[in-house]
Amino acid sequence: MNQEIPKVYSPAEVEQKWYKFWEENRFFTPEEDSSKKPFVIVIPPPNITGNLHMGHALDNSIQDVLIRYKKLQGFNTLWLPGTDHAGIATQNVVAKALKKEGTSKDQLGREKFVERVWKWKEEYGGNITRQLRRLGCALDWTRERFTLEEGLSKAVTREFVTLYNEGLIYRGKRLVNWCPKCGTAISDIEVEHETKKGRLWWIKYPIEGKSEIRNSKSEQGIDYITVATTRPETMLGDTAVAVNSKDKRYKKLIGKMLILPLVNRRIPIIKDDFVDPEFGTGAVKVTPAHDPNDFEIGERHELPRVNILTPDAKITFEQFVEEEKKEVTELEGMDRYKARQRLVELLEERGFLGKIEEYETSIGHCYRCKDVVEPYLSDQWYVKVKDIAREAIKAVEDGKIKYVPDRWTKVYINWMVNLKDWCISRQLWWGHRIPVWYHGEEVYVGEDPPKGEGWEQDPDVFDTWFSSALWPFSTLGWPEETKDLKTFYPTDVLVTGYDIITFWVSRMIMMGVHFMKKEPFHTVFIHGLVRDAKGKKMSKSFGNVIDPLEIIDKIGADALRFALISLITGQGQDIKLTQDKITEARNFSNKIWNVSRFVLMNLDKKIKLEIPDNLELPDRWIISRYQNLTKEVTDLIDDHDLGEAARKLYEFLWGSFCDWYIEISKNDLYSNDSKKKEKTQRVLVYVLEGTLRLLHPFMPFITEEIWQLLISKTNAKDIPKSIFLSSVPEYNKTKVDPKSEKEMSLLIEMIIKIRNIKAEMGIQTKEVELCYFAPKREEKETIQRGEAFIKSLGRVTKSTWLKAIKERPQQSATGVASNTQFFMPLKGLVDINIEVGRLKKEEQKVGQVLANIKKLLSNNNFTSKAPPEAVEKERAREKELIEKKKIISARLKDLAV
RNA sequence: GGGCAGUUAGUUCAGCUGGUUAGAAUGCCUCGCUUACACCGAGGAGGUCGCUGGUUCGAGUCCAGCACUGCCCACCA
């Protein structure tokens, strides 16, 4: 017996061994000049600051399943790895480290700082790629890329310069979302809105010439106008008050001037129909430099823009004339929130403050540092996206790109239709430098620096997404016309969570269509997010994170992958990962291990890897089931329903193969009939070997380990070096046998029912056995020896089987009929002969048979092993439950009436 | 304000184009140490499929309305 195979599967060693083997043999590198069709996925590049979290684990498990499956199907596969430099994120991480050291990025200066980030990257940037290896990802590491490396930087420069020359890029002073903490502009989608309790302050703006509003005769609309605001400090930058042109209350006042309280700036009352007369007082203060709507109003009315904030959100009076400062000098240099508080106090003191209301308002936060974002006036670079977006929409509408599940198509199109120009400049140091140089008034845009003295490069860098938009082709060598680019572009599938459809997917489509004139992929496979047991997002601050690496250490990458994949639904719902599910997957991998151990243990010689001829019902059944499984699993993967495919494999392997076929097989394996034994060995190996190949994309390590052991015990020739290089089992329709499936399922049903009766009556396994055989005439002898025994009412083990054979009287199997029959010898007491006939009137027969068995059993005074009082107790409990239910339902009925 | 998704056993979820008795896992209750596996095996209990109508011979499944939950988008001071 195989002592060297342990009972419990321990993945750690196995996984390490095989990944090394795969990588060293370059199995993941596509064949050169292959005649096979390529199948390509580029990895969504994780941030170099990142560590593998469950989201990555899911995303990459999915991709690995697809790649390995396609490989088995005979495609020339490439899964291209890489990482993203992640501008803000990385800069923040390094800045934090510097702070700990007591220095800062400004102290270091730009050049030194960037050098420092590179150093950091060399040191820690490899974390995530190591972790992807642990997961088992079949990535071609010889082609690994980084967004900030030379080649990809060249691509980004080409991107910008080309777009610029096409007139699709412009620089403009606009309101951007400014993160004071990061000190940079961020794009609209990088702002996270959150509804928070705030306040609405009402402020009185005196009409010119009637400045003494403390006078008791003062009245709204005569002496002053009241405006409402959630951000009172912005009044410092007000340059008008707007009212709706149809608003009767203010009609006469349009064109008159107001005196801005404390600042004493003369500002006009203007009409603009953006203003909703129903809201607040119907009059809106206009701060073009600090509010997007006001900015637009300002544009329409050519209002001056007065900026009141420094880049780190402190009050500045840079644009104030001297007189305006007089009453508010103390605010200068003050933090925005402190200033707000103080300003309100000042207004109050001077009688300009009206009421204060509690108010719910939505506040924008930086997606990186969570600081409150300010609308801020600054010079930025923009991409005019309208035309490119149109092409990108068309690609999806024409079906050249398909979203899976389909509902994301709508989300994508809706987003694209409403797309605004894309702010691509960031005031960071870590990133691709914008290829623009200034020399006084002159501006130079080009891939190489301008010649001559005195040129200074734009200090800004690009939005990270501006470079990752090129990822599907920049990684293959673009803008050079490389062989890889020709062979592998366009790629096939993009796999990602729905959270970055807008950030990334849409931009890749835009740039792919624009620069390559070809969609970057034909399928976008969108999956849900991984959440905790309660459906909450996993995050460090909640403390509900399950670390994939910890799980891998404990139970193996295979089990983790299987847990995640089997949780995927066809609808792409979010996934709730629980400890239970992880345990289940662990148990499954152990089950695979043990069933394989069983098969291996029962092989005493080299086995032919083909189906034998002398098949019996259980053999035909399991082979048929296996054929169906092959078809189902391949169809499901083709349909991108990986979760269902995984569940099908689980069900087959555990529910059919282990629970039934293995048990039945013991009959032959432990028999003296060498022909039968060999037949069964061959069926076992045939089905298990094929199932392993089906399972390999999901659980690459354990399947490799077992497959190698198993295949070495066969006579198969030209064996591939790895299961990864083998093939998907072929679906052989001629082996599908509905009749056997039907018969077998009936048999199973009967056995279950008999077990049920047995359990109810407390009869022990050893006292009752069920024999089954499907005789052909020539097998009569065998049958009469009672060796067609396949299933006891409990579990078959070698010892019980041997015992049964030994103890069973010769006459136990009698009355052989020409049809399928059941025999149930009751340990020498009675034989029941159950005729199933042609299995046509199954239902009736089953019922009849069961009734007979029950009768016989109760006539024969079996002793129950369960103590009578326990049985009594259980019955009482049941009765009680039924009573309770009755009462409850009666009460509910009363209530309903 | 607009859009999307979900609501099925105690819990977490499957259930495709409508068709026998609504499945699985886990938990619970019996029983079983049996040379593949106690990370196991056998059996059992547990569901008016969110609510209300409609289509149909037939509805978790299709349609309409409602309720609740979650997510995304949106400039209302």
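Letters A, B, ... are given to chains in the order of the sequence lines, protein chains preceding strands, and every chain is numbered from 1.
- Regarding the sugar-base torsion, B:G60 falls in the syn class, its angle being within 90° of 0.
- Atom CD of residue A:E651 and atom CZ of residue A:R625 lie 7.0 Å apart, to the nearest 0.5 angstrom.
- Pairing partner, B:C71: B:G3, with both Watson-Crick or wobble hydrogen-bond distances short of 3.5 Å.
- Side-chain N/O atoms of A:K591 and base N/O atoms of B:C37 include a donor-acceptor pair closer than 3.5 Å.
- In this structure, A:Y670 reaches the B:A36 phosphate: one of its side-chain N or O atoms is under 4.0 Å from OP1 or OP2.
- In this structure, A:Y359 and A:E584 both approach RNA chain B, and ranking their closest nucleotides by distance from the 5' end singles out A:E584.
- Separation of the C1' atoms belonging to B:G65 and B:G23 is 31 Å when rounded to the nearest angstrom.
- Side-chain N/O atoms of A:K285 and A:T234 include a donor and acceptor closer than 3.5 Å.
- Figure legend. B:A14 is base-paired to no nucleotide; pairs are counted as Watson-Crick or G-U wobble with both atom distances under 3.5 Å.
- Using the Watson-Crick or G-U wobble rule with both distances under 3.5 Å, B:U55 pairs with nothing in any strand shown.
- A:V275 comes within 4.0 angstrom of a base, heavy atoms only.
- Heavy atoms of A:I662 sit under 4.0 angstrom from at least one base atom.
- Taking atom P in both B:U17 and B:U7, the straight-line distance is 14 Å, to the nearest Å.
- With both ends at atom P, the span from B:U55 to B:A14 equals 31 Å, rounded to whole Å.
- One P atom belongs to B:G58, the other to B:C66, and the distance between them is 26 Å to the nearest Å.
- Considering only the side chain of A:N594, B:C37 comes nearest among B:C13, B:C37, B:C39.
- Both distances falling under 3.5 Å, in either a Watson-Crick or a G-U wobble arrangement, occur for no nucleotide opposite B:G60.
- For A:N628 and A:E741, the side-chain atoms include at least one donor-acceptor pair closer than 3.5 Å.
- Ring to ring, A:W178 and A:Y376 are close: their centroids are under 6.0 angstrom apart.
- Going from atom CZ of A:F598 over to atom C1' of B:C37 covers 11 Å, rounded to whole Å.
- On the C1' atoms, B:C49 is 14 Å away from B:G6, given to the nearest whole Å.
- Distance A:L200 CG to B:C76 P: 14 Å, rounded to the nearest Å.
- Protein atom CD of A:E357 is 15 Å distant from nucleotide atom C1' of B:C76, rounded to whole Å.
- In this structure, of B:C39, B:A77, B:U12, it is B:U12 that holds the atom nearest to the side chain of A:K576.
- Listed nucleotides B:A38, B:A5, B:A25 differ in distance to A:K7; the shortest reach to its side chain belongs to B:A38.
- Comparing A:N587 and A:R407 by the nucleotide of RNA chain B that holds the closest heavy atom to each, the one mapping nearer the 5' end is A:R407.
- Here B:C75 presents its P atom at 10 Å from CG of A:N418, a figure rounded to the nearest Å.
- The same atom, P, is picked in B:C13 and in B:C40; the two are 23 Å apart, to the nearest Å.
- Under the 3.5 Å distance criterion, with hydrogens and angles disregarded, no donor-acceptor pair is assigned to the side chains of A:N244 and A:Y250.
- Taking the C1' atom of each, B:U12 and B:C73 are spaced 30 Å apart, rounded to whole Å.
- Annotation: cation-pi geometry not satisfied between A:K204 and A:F352 (NZ/CZ under 6.0 angstrom from ring centroid, within 45° of ring axis).
- Rounded to a whole Å, the CG atom of A:L303 is 15 Å from the C1' atom of B:A77.
- Dashed line: the shortest gap from a side-chain N or O of A:T578 to OP1 or OP2 of B:U26 is not under 4.0 Å.
- Among the atoms of the strands shown, none is found under 4.0 Å from any heavy atom of A:R231.
- Between A:N293 atom CG and B:A74 atom C1' the separation is 11 Å, expressed in whole Å.
- Nucleic acid contact for A:T361: sugar-phosphate only, since backbone atoms but no base atoms lie under 4.0 Å from a heavy atom of the residue.
- For A:E663 against B:A36, a side-chain-to-base donor-acceptor contact under 3.5 Å is present.
- Among the atoms of the strands shown, none is found under 4.0 Å from any heavy atom of A:Y9.
- Taking atom CD of A:E190 as the reference point, atom C1' of B:C73 lies 17 Å away to the nearest angstrom.
- The partner of B:C66, taking Watson-Crick or G-U wobble pairs whose two distances both stay under 3.5 Å, is B:G50.
- Nucleic acid contact class of A:W654 (heavy atoms, under 4.0 Å, all strands): sugar-phosphate only.
- When the nucleotides B:A14, B:A77, B:U35 are ranked by their closest atom to the side chain of A:Q573, B:A14 comes out on top.
- Base pairing of B:G43 is made with B:C29, judged by Watson-Crick or G-U wobble geometry with both donor-acceptor distances under 3.5 Å.
- Residue-level contact check: A:D276 touches the bases, meaning some heavy atom is under 4.0 Å from a base atom.
- When each of B:C39, B:A36, B:A77 is scored by its nearest atom to the side-chain atoms of A:N590, the top-ranked nucleotide is B:C39.
- Defined by atom type and a distance below 3.5 Å, a donor-acceptor pair is missing between the side-chain atoms of A:S589 and A:D558.
- Across all strands, A:E644 comes closer than 4.0 Å only to sugar-phosphate atoms, never to a base (heavy-atom distances).
- At the heavy-atom level, A:K581 lies nowhere under 4.0 Å from the strands shown.
- With P as the reference atom, B:C16 and B:G60 are 13 Å apart, rounded to whole Å.
- For A:Q681 and A:D604, the side-chain atoms include at least one donor-acceptor pair closer than 3.5 Å.
- Nucleic acid contact for A:T569: sugar-phosphate only, since backbone atoms but no base atoms lie under 4.0 Å from a heavy atom of the residue.
- Between A:R586 atom CZ and B:U26 atom C1' there is a gap of 13 Å when expressed in whole angstrom units.
- At a cut-off of 3.5 Å, with distance as the only test, no side-chain donor of A:K581 or A:T583 sits close to an acceptor on the other residue.
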